[in-house]
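Values below: every heavy atom of this structure, side chains too, minus hydrogens, waters and symmetry copies.
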Amino acid sequence: MSQEQLIPLIVIAVVIPLVLLRNRRPRTLRPEFLWVSPLIVVLAIGGGLFAINASGKGALPADPLSLVILAVGIALGAAFGWQRGRMTTIHKEADGVLKAQASPIGLIIVIGVLLARRALQPWLEVHAADWHVNPLAIIEAFMLFAAAMVVTQRVEMFIRARNIRHGGTDAHVKVEA
């Protein structure tokens, strides 16, 4: 394994324990700022997709099969993001402040996707020609999966937080008296 291939694995190995430690305690949830993270992710992934396509390493995946692969990536990302948002526990304190604690299962999903992408990428690129699939469609589908997951998770959390703030109930809410 080359040094270039090890860098993402090292970054993951450093970031994951930090995220797990950070998620041990509930954090203040400010629904009015839940749009920031999806915006950053969409801009970063959009920039990455633009850079991949502008680099000339392959043709833009616009054939019907590639578009289906991209749509599946977005749909699966949205489904996992919705589930991840639902698994976030929201804690409402007596003074009305919302606290949120992410489920460790959500992080396991993210780690699994990252590891699957890293493990499958060389194999998928080699066999993509056999399947008459643009290899960039597969790489971009993983990126769109991540973007859709983050956006959908935050939308789900925003809807739940808004309902809770206005006196609604939620299966994943604890209210402190």
Side-chain angles (χ1 to χ4, degrees), residues 8-9 11-27 29-31 33-52 61 64-91 98-125 127-128 131 133-164 168 170-174:
L9 296 176
V11 169
I12 290 170
V14 170
V15 169
I16 289 173
L18 294 174
V19 171
L20 285 172
L21 288 172
R22 185 174 163 216
N23 287 338
R24 282 188 6 205
R25 283 181 271 163
R27 294 177 291 162
L29 177 65
R30 295 181 296 202
F33 294 112
L34 284 174
W35 62 271
V36 174
S37 177
L39 177 66
I40 292 169
V41 168
V42 167
L43 290 174
I45 289 179
L49 293 174
F50 177 77
I52 287 172
L65 182 57
S66 294
L67 293 176
V68 167
I69 291 170
L70 296 176
V72 167
I74 292 171
L76 288 174
F80 277 99
W82 175 70
Q83 187 62 31
R84 193 169 178 220
R86 282 187 55 229
M87 288 189 289
T88 301
T89 301
I90 297 176
H91 173 87
L98 297 177
K99 299 281 186 174
Q101 185 170 10
S103 168
I105 295 171
L107 185 60
I108 291 169
I109 292 169
V110 172
I111 293 167
V113 169
L114 290 173
L115 292 175
R117 179 179 184 254
R118 179 61 53 195
L120 294 174
Q121 186 174 352
W123 184 79
L124 290 172
E125 287 177 356
H127 294 322
W131 302 330
V133 174
N134 185 338
L136 281 180
I138 297 167
I139 294 168
E140 291 178 0
F142 277 109
M143 294 173 75
L144 290 173
F145 175 95
M149 185 171 66
V150 170
V151 170
T152 308
Q153 174 191 4
R154 293 304 172 117
V155 167
E156 172 68 17
M157 288 174 61
F158 175 80
I159 292 168
R160 289 179 53 220
R162 186 186 63 201
N163 290 340
I164 293 162
D170 190 270
H172 298 279
V173 175
K174 297 176 185 172

Any side chain to side chain donor-acceptor pair (under 3.5 Å) pairs touching residues 42-52, not counting sequence neighbours? none
Should Gln153 and Thr88 be marked as a side-chain contact (heavy atoms from CB on, under 4.5 Å) after you check the CA-CA gap, both sets of side-chain angles, and the distance that decides it? CA-CA 9 Å; Gln153 174 191 4; Thr88 301; 4.2 Å; yes
In sequence, state the C-alpha distance, the side-chain angles, and the governing distance for Leu34 and Leu29, and then conclude on side-chain contact (heavy atoms from CB on, under 4.5 Å). CA-CA 8 Å; Leu34 284 174; Leu29 177 65; 3.8 Å; yes
Residues forming a side chain to side chain donor-acceptor pair (under 3.5 Å) with [X], sequence neighbours excluded:
{"X": "Arg27", "value": "Asn23"}
{"X": "Thr152", "value": "none"}
{"X": "Gln101", "value": "none"}
{"X": "Trp35", "value": "none"}

Got a sec, which residues hit side-chain contact (heavy atoms from CB on, under 4.5 Å) with [X], two or more places apart in sequence or on another chain?
{"X": "Val72", "answer": "Val68, Leu76"}
{"X": "Leu65", "answer": "Asp63, Ile69, Val133"}
{"X": "Ile74", "answer": "Leu144, Ala148"}
{"X": "Ile159", "answer": "Val155, Arg162, Asn163"}

Partners meeting ring-ring contact (aromatic ring centres under 6.0 Å, His included) with Phe80 (sequence neighbours left out): Phe145
Nearest 0.5 Å, please: how far is CD in Glu156 from CD in Gln83? 9.0 Å
From Leu98 atom CG to Met157 atom CE, the distance as rounded to the nearest 0.5 Å: 10.0 Å
Contact check, side chains of Pro26 and Thr89, non-hydrogen atoms, under 4.5 Å: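 A side-chain contact is absent here, since even the closest heavy-atom pair is not under 4.5 Å.
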What are the two closest heavy atoms between Val151 and Pro38, and how far apart are they? CG2-CB, 3.7 Å
Minimum heavy-atom separation for Ala137 and Leu70, please, with both atom names.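 Nearest heavy atoms, Ala137 then Leu70: O-CD2, 3.5 Å.
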